[in-house]
Amino acid sequence: MIEIEKAYEAKKYEDKIYEKWESSGAFKPKIDKKKKPFVISMPPPNATGVLHLGHAVMLALEDIMIRYNRMKGIPSLWIPGTDHASIATQNKVEQLLAQKKITKYDLGREEFLKEVDKFVKNSQSTIRNQIRKMGSSCDWTRERYTLDEGLTAAVQTVFVKMFKDDLIYRGSRIVNWCPRCESTLADDEVDYKESGEKLYWIKYGPFTVATTRPETKLGDTAVAVNPADKRYKKMIGQVFPIKSALGEYNIVVIGDKSVDMEFGSGAVKVTPAHSFADFEMAQRNKEVFKKVGIEPMKEVIDEKGRMKNNCGKYSGMTTKECRRALVEDLEKLGLIEKIEDYTHNLSICYRCGYTIEPLISKQWFINVDKPVIKDGAKKKSIKEKSIEVIKKGEIKIIPEKFNKTYFNWMTNLHDWCISRQIWFGHKIPVWYKMDENSKKEYEKNPEKSRHLLGDKEAICSIEKPDDKNHYVQDPDTLDTWFSSGLWTFSTLGWPNKTEDFEYFHPTSVLETGYDILFFWVARMIIMTEYTLGEVPFKTVYLHGLIRDKNGKKMSKSAGNGIDPLEMIAKYGTDPVRLSLVIGGTPGNDMCLFEEKIAGYRNFVNKIWNASRFALMNVSEEDLKKKFTAVMAKSTADKWILTELNALVKATNVDMEKYNFSEAGTRIYDFIWNNYCDWFLEMSKGEHKNPIVLLHVLKTALKLLHPFIPFVTEKLWELMGEKTMLIAEAWPLEDKNTVFKKEAKDLEEVKEMISKIRSLRSELKVEPAKKINAIIYAGKQVKLLEEKREIIERMARLENLQIEEKGKKIEGAKLITHGTMEIYLPLKDMIDMEKEAKRMKEEMIKKQNIITSIESKLSNKGFVKNAPKELIGKEKERLAKEKTELAKMAENMV
RNA sequence: GGGCGGUUAGCUCAGUUGGUAGAGCGUCUCGUUGACGUCGAGAAGGUCAGAGGUUCGAAUCCUCUACCGCCCACCA
């Protein structure tokens with residue numbers, strides 16, 4: 001008899017257990033070249049703040065995978081880390097400084113970066129603690145940071161390699177520009193927001209054009225029409241003077257298929273320097289511009305979103321101010337035909353929400369179409385290769401539906417702009433030669449002297465050029481996704497040929513939310529295939545977003561967010577983990593609400609109490625005994641062991657298929673229904689077998705450990721185990737513990753008890769009231785005699801008479817159960833009339849079932865095509881239903 | 001505009017080679033039975049969005065429709 005506390009108190013144990021795991025070295029895999037390792041690179045949380053539910057679900061799922069594989073004896077490595085998240089972090093620090101009325105320019109680059117580092121160190125330690133709170137069994141000795149020394153070396157090495165391969169180039173192109181961040185953004189870093197705008201119809205030489213951005217009129221160099229448009233066809237190639245508030249200017253008419261004849265007037269004003277579509281049109285019509293001597297690129301908006309000094313009286317105005325002023329002036333000139341309300345999608349910065357200003361800028365790009373990766377005799381572009389690895393199945397995405405999304409994105413990928421005008425990040429390893437004067441000028445104000453950074457004598461190298469006095473490093477930093485794209489191998493020590501890298505790469509699974517499939521997953525594939533010529537991981541597991549009870553996105557502003565840490569404090573980590581895993585399927589969003597967590601807290605407590613009961617019924621001696629199949633004594637023992645074995649088998653299949661929700665649900669069900677409600681209840685009588693009681697429970701604890709590591713570990717300890725559960729071997733099938741006949745017999749007994757209980761309840765017999773029963777058991781007399789005590793206790797019977805067969809008992813209620821007849825003499829206790837009616841209804845139901853099975857079995861097609869097993873089952877069932885109905889009919893008379 | 005999902009019990013969702021519709025929560029009726037009221041026993045509740053097709057048999061496969069959602073593109 002061992003007694004433990006009445007309820008599980010997570011808070012009391014969790015931190016201590018985590019420390020014990022960590023200090024035992026269990027998180028650190030042993031390199032064993034004979035075994036294939038299991039590796040997950042943890043998606044590094046941004047170094048900006050705190051853990052949210054997205055991280056929590058990520059940590060829960062990855063920990064399940066890692067613990068499961070570790071218990072299977074596979075060297076399992078889970079590398080944690082953080083991402084410097086250049087723009088996000090810089091913005092955050094800028095905001096904090098703004099509260100003190102300080103700008104980054106007040107501090108200067110160096111001082112500002114010191115501030116950022118301070119901030120990052122602080123949030124990193126917060127994040128570390130939170131990852132620990134979730135019970136994540138990651139290897140902290142290998143923790144990395146995208147901006148640490150080693151990773152910086154990896155970033156520089158890859159950049160130089162790409163530069164040498166001519167894959168990276170610097171060029172003036174139209175880019176997404178955030179005037180607030182004063183930086184470029186990649187195409188997929190642009191968000192769209194529906195916004196109510198005006199559509200201005202402007203008289204435009206011989207045309208009328210419609211635009212939402214009249215201020216860009218100052219940068220117009222053409223009007224585009226569809227070459228098939230009869231109205232304008234003849235004008236293509238001609239030059240027209242256009243009246244404006246700043247006097248006249250010339251435009252050329254170009255023909256381009258992308259112009260929609262139906263929209264507006266069918267003629268579009270073209271501002272190549274400030275619109276992606278216009279830029280492309282100008283590219284396609286280069287020759288036309290050349291012929292008439294018009295320079296297509298007329299830049300009128302600067303990096304701060306203000307009108308350039310070539311804009312006369314509008315110079316210095318913001319685009320918004322300019323729009324207002326210009327429209328007013330055009331109205332005075334009678335050039336505005338009409339103004340309509342119009343809704344369209346505004347491009348905004350995904351980090352700060354500010355309106356994007358497309359403009360021409362000199363930036364670094366990665367050419368995604370250049371054939372550069374050797375593949376046999378051919379060379380393939382990084383784009384082609386990245387598509388191929390998914391097509392060939394070298395990388396498997398779960399769920400598969402994302403393959404299509406991935407292909408679509410990858411196919412339409414344009415050259416990737418990788419330079420950012422952000423201070424915080426990896427500096428670009430390119431050096432520009434300058435004479436002394438230029439250098440002085442540049443250093444005085446780098447922001448305004450970018451034009452001095454000439455390409456001609458630029459050097460790309462990690463080291464500063466020898467002649468360092470004449471070189472200035474590129475002031476830009478790299479897109480944060482450039483470094484996170486290298487994450488799976490840079491964290492393993494690459495570019496050094498470390499043992500870790502050789503052994504652990506490629507990694508096994510990349511688990512993350514589907515929302516960063518493009519941002520990160522796709523870029524990892526690109527970068528890794530290019531750099532190493534291998535995949536970064538073999539499986540991509542994508543989880544869904546966590547939403548609130550009404551399916552709404554959780555957000556601070558909506559106030560519907562759930563803080564995982566608060567929930568952990570209230571209910572413990574284990575329930576939070578379960579609530580994030582069970583009920584979720586890969587790639588699908590999942591709702592989370594507090595009641596759900598509370599429900600799993602109940603489950604955790606249930607396991608605790610089942611263990612409490614088991615421990616109360618075993619001796620210290622029992623704890624030391626080792627279970628073997630021969631220790632199974634009773635039918636109940638054999639039944640639960642058979643069920644347990646089926647559970648182990650099914651769980652293994654689910655775990656291998658990444659069906660964690662189903663695996664979790666199944667174990668939950670086993671513990672609660674099979675183990676607690678039946679086996680434990682049965683064990684309260686004569687048939688007690690402490691060894692089986694313990695063995696089944698301990699096996700279930702092992703299966704549950706990846707899901708709810710804390711409570712299972714604690715119970716493991718309480719069961720007298722000296723080694724930790726985290727390092728225990730994963731349960732495997734044991735055919736010696738399968739007892740088909742006994743399992744089936746016990747199911748019969750269970751079913752019988754249920755039927756008696758059900759009838760009692762329907763007839764409103766008080767639960768406490770003991771009643772008599774006579775069972776004609778046929779061949780099952782022996783079984784029922786063995787289980788007599790259990791049946792009596794669980795069905796609340798006073799006097800149980802078991803016979804092989806006998807006569808109908810007048811005035812007693814009959815329950816038919818296959819060939820068995822159970823009579824309950826309840827005459828005095830029930831309303832016989834009502835009961836007769838109920839009985840009739842039941843018989844009709846039975847008759848319907850019989851009819852439906854009969855028609856199925858007389859269907860030639862069914863008999864011919866259905867599997868034999870199924871036909872056998874149906875026949876068996878028909879016989880059973882028929883027997884039962886006959887008995888009922890007999891009893892009615 | 002292009003693509004992808006979803007629609008199953010009052011609510012949140014499972015349902016993996018097509019073979020008698022499931023869970024949790026909620027509801028109702030009982031219950032102080034040797035662990036657990038963070039509990040137990042029992043019950044009610046579903047023409048699986050709609051229409052057609054394939055099949056002996058469809059929630060499951062195909063086609064169409066409706067509604068909801070997401071992603072990509074971005075038309076001035």
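Both backbone and side-chain heavy atoms feed into the values below; hydrogens, waters and symmetry mates do not. Below, chains carry the letters A, B, ... as their sequence lines are ordered, and counting in each starts from 1. What you see is a predicted model, and the numbers here were worked out from it, not measured in a lab.
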Practice item. Write down the atom of A:Ile667, the atom of A:Ala700, and the distance for their closest heavy-atom approach. Key: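 Closest approach of A:Ile667 to A:Ala700, heavy atoms only: CG2-O, 4.4 Å.
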Pick base, sugar-phosphate or nothing for [X], based on heavy-atom distances below 4.0 Å to the nucleic acid.
X        : result
A:Trp678 : nothing
A:Arg796 : base
A:Gly583 : sugar-phosphate
A:Gly685 : base
A:Ala224 : nothing
A:Arg601 : base
A:Ser852 : nothing
A:Asn859 : sugar-phosphate
A:Glu766 : nothing

What is the pairing partner of [N], taking Watson-Crick or G-U wobble pairs with both distances under 3.5 Å in any strand?
N      : answer
B:rC61 : B:rG53
B:rA9  : none
B:rU17 : none
B:rA35 : none
B:rC4  : B:rG69
B:rG42 : B:rC28

Using only modelled atom types and a 3.5 angstrom limit, is any donor from either the side chain of [X] or the base of [N] paired with an acceptor on the other?
X        : N      : answer
A:Asn408 : B:rC72 : no
A:Glu5   : B:rA35 : no
A:Lys864 : B:rC56 : no

Review point. So does A:Lys860 get a side-chain nitrogen or oxygen closer than 4.0 Å to the phosphate oxygens (OP1/OP2) of B:rG57?
Key: no
**Study point:** Contact check, side chains of A:Asn859 and A:Val863, non-hydrogen atoms, under 4.5 Å
**Key:**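 Heavy-atom side-chain distance check fails, nothing below 4.5 Å.
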With respect to the side chain of [X], which nucleotide from [options] is positioned closest?
X        : options                : result
A:Asp260 : B:rC36, B:rC75, B:rU33 : B:rC75
A:Arg877 : B:rA14, B:rG42, B:rU20 : B:rU20
A:Phe862 : B:rC72, B:rG19, B:rC75 : B:rG19
A:Tyr192 : B:rG24, B:rA14, B:rC74 : B:rC74
A:Asn605 : B:rC36, B:rU20, B:rG5  : B:rC36
A:Leu870 : B:rA14, B:rG19, B:rC36 : B:rG19

Check your understanding: Side-chain donor-acceptor pair under 3.5 Å between A:Thr411 and A:Lys383, yes or no?
Key -> no
Review point. Toward the 5' end of RNA chain B, which comes first, A:Lys688 or A:Lys764, by nearest nucleotide?
Key: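 Here A:Lys764 is the residue nearer the 5' end.
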**Study point:** Salt bridge flag under 4.0 Å for residues A:Lys882 and A:Glu854
**Key:**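 Yes, charged N to carboxylate O under 4.0 Å.
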Review point. Any salt bridge between A:Glu884 and A:Lys755, counting N to O under 4.0 Å?
Key: yes
When the [atom1] atoms of [N] and [M] are considered, how many whole Å apart are they?
N      : M      : atom1 : value
B:rU54 : B:rU63 : C1'   : 11 Å
B:rG15 : B:rG3  : C1'   : 27 Å
B:rG18 : B:rC30 : C1'   : 42 Å
B:rC28 : B:rC13 : C1'   : 23 Å
B:rC48 : B:rU20 : P     : 16 Å
B:rG46 : B:rG22 : C1'   : 11 Å

Review point. With a cut-off of 6.0 Å (strictly less than), are more than 12 heavy atoms of other residues, nucleotides or ligands near NZ of A:Lys649?
Key: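 Not buried by this count: 12 neighbours or fewer within 6.0 Å.
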Check your understanding: Would you find a donor on one side and an acceptor on the other, under 3.5 Å apart, between the side chain of A:Asn412 and the backbone of A:Asn408?
Key -> yes
